[in-house]
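See structure below.
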2 protein chains.
Amino acid sequence: MTQHPERNEDPIKSALTGEDGIDFAIIELFFFAYRDFTSDPDQILGEYAFGRAHHRVLHFVNRRPGLTVAELLDVLRITKQSLARVLKQLIDTGHIVQVQGPRDRRQRELYPTAKGRGLALALAAPQSRRIAAALAEAAPGDRAAIERFLLGMVNPEQRAQIDDQTATGDDRRREAG
Amino acid sequence: MTQHPERNEDPIKSALTGEDGIDFAIIELFFFAYRDFTSDPDQILGEYAFGRAHHRVLHFVNRRPGLTVAELLDVLRITKQSLARVLKQLIDTGHIVQVQGPRDRRQRELYPTAKGRGLALALAAPQSRRIAAALAEAAPGDRAAIERFLLGMVNPEQRAQIDDQTATGDDRRREAG
DNA sequence: GAATTTATGTCAACAAGGCTGACATAAATT
DNA sequence: AATTTATGTCAGCCTTGTTGACATAAATTC
C-alpha cells in the first residue's frame, strides 16, 4: 500500500445500473410513476383541507360500501388511531355515514353519502385520465399485461383484497354474462 | 314527496365500479402494488433507524453519483429542509460523502461510499426480486409494455429525469453498441 | 345469568417526514 | 462593488403514521 488501505469514506463515482443484477429500470419507473399518479388529486384535496389519508379512506368506502372499520384497517394496513382521525373528519363533514351492522350491532358499516361519492369520483378522475393517456400509447394487449404485472406485485396472500368488480368495460363480461 | 326530499346524509349502498367511467381497476392495482413494493425494504431500514426518505436519497445518489443538492431536490420533489435532515444522517453515518463541485465550488456533489453502495443494493434486492417474480408470470413482450406504461404515467416534462442507464440487459444495447 | 371476548371509540403521547420563512455564508456572476 | 446563486441551518408547524391504556356495548361462552 503506497499510502493507506482503501478508506471507506472514499466516494464511488460509478453509477449503479441494471448490470449490478438489480432491476433498477422498473424500480425507478415505478417510483416516478407513482409519485406523479398520487400528486394528481392533491389540489382538490387541498380545497377540503384533506390529505391522502382521507383520499384512501374515501376511495375504499366507495368501492366497498358497507365495509366495517376492521375490514378497512386490514385493507389500508394502518392502525386504528390513524384511521380514527381521518374517518372522524370525513363523517363530520358529511362524506361518510356509519350504519349499525344488521347482524352484529357492534359493527359500524361505512357508507359514502352523495357528497362523499362525488368527492371520490372527482379525486379519481384525474388519475383515470392519466392512466388513459398512458394506455393510449400502448398496444391492444398491453392492458391485460399491465394488470397481470401489477397484481403480481401484490403480496399473494393479499390479492384477495382486490375484488373483481375492479374490472372495467372490456373484461367485465364474466360477471354480467 | 311522501316523507322528505332526498337527504344528503343517506348512505349510498352501491359500489363504485369501472362502469362509472373511471378506471378503478388500475387505480386500485397501482395502490396495492406500490404499497407492497415499498414495504419490502422496511425491515432492513429499521435495522439502521432509517426510513423511506433515507432510501430514496440513497437510491438516487447511487444511481446518479455526483448529483448536486439542487438536482436531488428536483428529482425527489421535496423541500431543502426535508432533504437536509435525512441527508445529514446519511453523511454522518458514512453512507454518503460530499465533494466540492469542480467547476462551481458552491456546489456539493453527492457520492455514495462503499457502505452506502452496499446498503443501496441491499435495499433494492427484495424489490428487484418482487419485480422478477411478477414478470416471471408475464409473456415475453410484456416487459416492454410495462415500461412504456409506467413511463407514460410520468409527467411528460419530467420524463427526462429518467435516464437510459435505467435499462437492463435486453434493451441496453443502444448505449453499448 | 355471569364471565369473557370482540368491535369499536377515545385519550395521551410520540416520531417521521413533509412544510414555511428567515437568515448566513461563500462563491459566481454582473 | 453589488447581486445572484447554491447550500446550510434555525425555529416552528402539520399530517399521518406509531404504541399503550382504557371504556363501552354487544356477542359469545361457560
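The basis for the numbers below is simple: all heavy atoms, side chains too, and nothing from hydrogens, waters or symmetry mates. Lettering of chains follows the sequences in order, A, B, ..., and the numbering in each one begins at 1.
The neighbour count for A:Glu157 CD, taken as heavy atoms of other residues, nucleotides or ligands under 6.0 Å away, is above 12. More than 12 heavy atoms of other shown residues, nucleotides or ligands fall within 6.0 angstrom of atom CD in B:Glu47.
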Could you pull out every donor-acceptor pair under 3.5 Å between side chains of residues 78-87 of chain B and any protein atom, sequence neighbours left out?
| unit_1 | atom_1 | unit_2 | atom_2 | d |
| --- | --- | --- | --- | --- |
| B:Thr79 | OG1 | B:Ser82 | OG | 3.2 |

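In this structure, B:Tyr48 and B:His95 have perpendicular ring planes: the angle between them is above 60°, well past the 30° mark.
Nucleotide D:dT5 holds its P atom 16 Å from the CG atom of B:Leu73, rounded to whole Å. Distance B:Gln107 CD to D:dT5 C1': 10 Å, rounded to the nearest Å. What separates CD1 of B:Ile78 from P of D:dT7 is a distance of 14 Å, to the nearest Å. Between the C1' atom of D:dA6 and the CG atom of B:Asp74 lies a distance of 14 Å, rounded to the nearest Å. Remark: C1' of C:dT8 and CG of A:Leu110 are 11 Å apart, rounded to the nearest angstrom. The nearest whole Å value for the distance from the CZ atom in A:Arg103 to the C1' atom in C:dT6 is 16 Å. The CG atom of B:Leu90 sits 13 Å away from the C1' atom of C:dG17 (whole-angstrom rounding). Atom-to-atom, CG of B:Asp42 to C1' of D:dG17 comes out at 12 Å; the value is rounded to the nearest Å.
Shown for residues 43-56 of chain A: residues whose heavy atoms fall under 4.0 angstrom of DNA chain D, namely A:Gly51, A:Arg52, A:Ala53, A:His54, A:Arg56.
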For nucleotides 2-5 of chain C, list the nitrogen or oxygen atoms of the protein found under 3.5 Å from its nitrogen or oxygen atoms, one pair per line.
none

Please list each protein N or O that sits under 3.5 Å from an N or O in nucleotides 8-13 of chain D, with the distance.
| unit_1 | atom_1 | unit_2 | atom_2 | d |
| --- | --- | --- | --- | --- |
| D:dG8 | OP1 | B:Gln98 | NE2 | 2.6 |
| D:dG8 | N7 | B:Lys80 | NZ | 3.1 |
| D:dG8 | O6 | B:Lys80 | NZ | 2.5 |
| D:dC10 | N4 | B:Gln81 | NE2 | 3.1 |
| D:dA11 | N6 | B:Gln81 | NE2 | 3.3 |

task = Give the dot-bracket string for DNA chain C, reading 5' to 3', where a pair is Watson-Crick or G-U wobble with both distances under 3.5 Å, ( ) marks pairs inside the strand, [ ] marks pairs crossing earlier ones, | marks a partner on another strand, and . marks unpaired.
result = ||||||||||||||||||||||||||||||
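Among residues two or more places apart in sequence or in another chain, the salt bridge (charged side-chain N to carboxylate O under 4.0 Å, His left out) test is passed with A:Arg148 by B:Asp142. Partners of B:Leu135 according to the side chain to side chain contact (heavy atoms under 4.5 Å, CB included) rule, which considers only residues two or more places apart in sequence or in another chain, are A:Asp23, A:Ile26, A:Phe149, B:Ile131, B:Arg143, B:Ile146. With sequence neighbours excluded, the residues that form a salt bridge (charged side-chain N to carboxylate O under 4.0 Å, His left out) with A:Arg130 are A:Asp40. Every residue two or more places apart in sequence or in another chain that forms a side-chain hydrogen bond (donor to acceptor under 3.5 Å, both in side chains) with A:Asp42 is listed here: A:Arg52. Partners of A:Tyr34 by ring-ring contact (aromatic ring centres under 6.0 Å, His included), not counting sequence neighbours, listed by chain and number: A:Phe37, B:Phe30, B:Tyr34. For A:Arg106, the side chain to side chain contact (heavy atoms under 4.5 Å, CB included) partners two or more places apart in sequence, or in a different chain, are A:Asp104. Remark: B:Arg129 engages no residue in a salt bridge (charged side-chain N to carboxylate O under 4.0 Å, His left out) (not counting sequence neighbours).
Closest-nucleotide positions on DNA chain D for A:Leu83 and A:Asp104 were compared, and the one nearer the 5' end corresponds to A:Leu83.
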request  = Walk me through it: do B:Thr38 and B:His55 pass the test side-chain contact (heavy atoms from CB on, under 4.5 Å)?
outcome  = CA-CA 10 Å; B:Thr38 53; B:His55 185 185; over 6 Å; no
request  = For B:Leu58 and B:Phe50, run side-chain contact (heavy atoms from CB on, under 4.5 Å): C-alpha distance rounded to whole Å, both residues' side-chain angles, the deciding distance at 0.1 Å, then the answer.
outcome  = CA-CA 11 Å; B:Leu58 198 54; B:Phe50 287 160; 5.8 Å; no
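For B:Ser82 and C:dG17, the shortest distance from a side-chain N or O to OP1 or OP2 is not below 4.0 Å. Note on A:Thr79: every side-chain N or O is 4.0 Å or more away from OP1 and OP2 of D:dG17.
Separation of atoms CD1 (A:Ile96) and CG (A:Leu110) is listed at 6.5 Å; rounding is to 0.5 Å.
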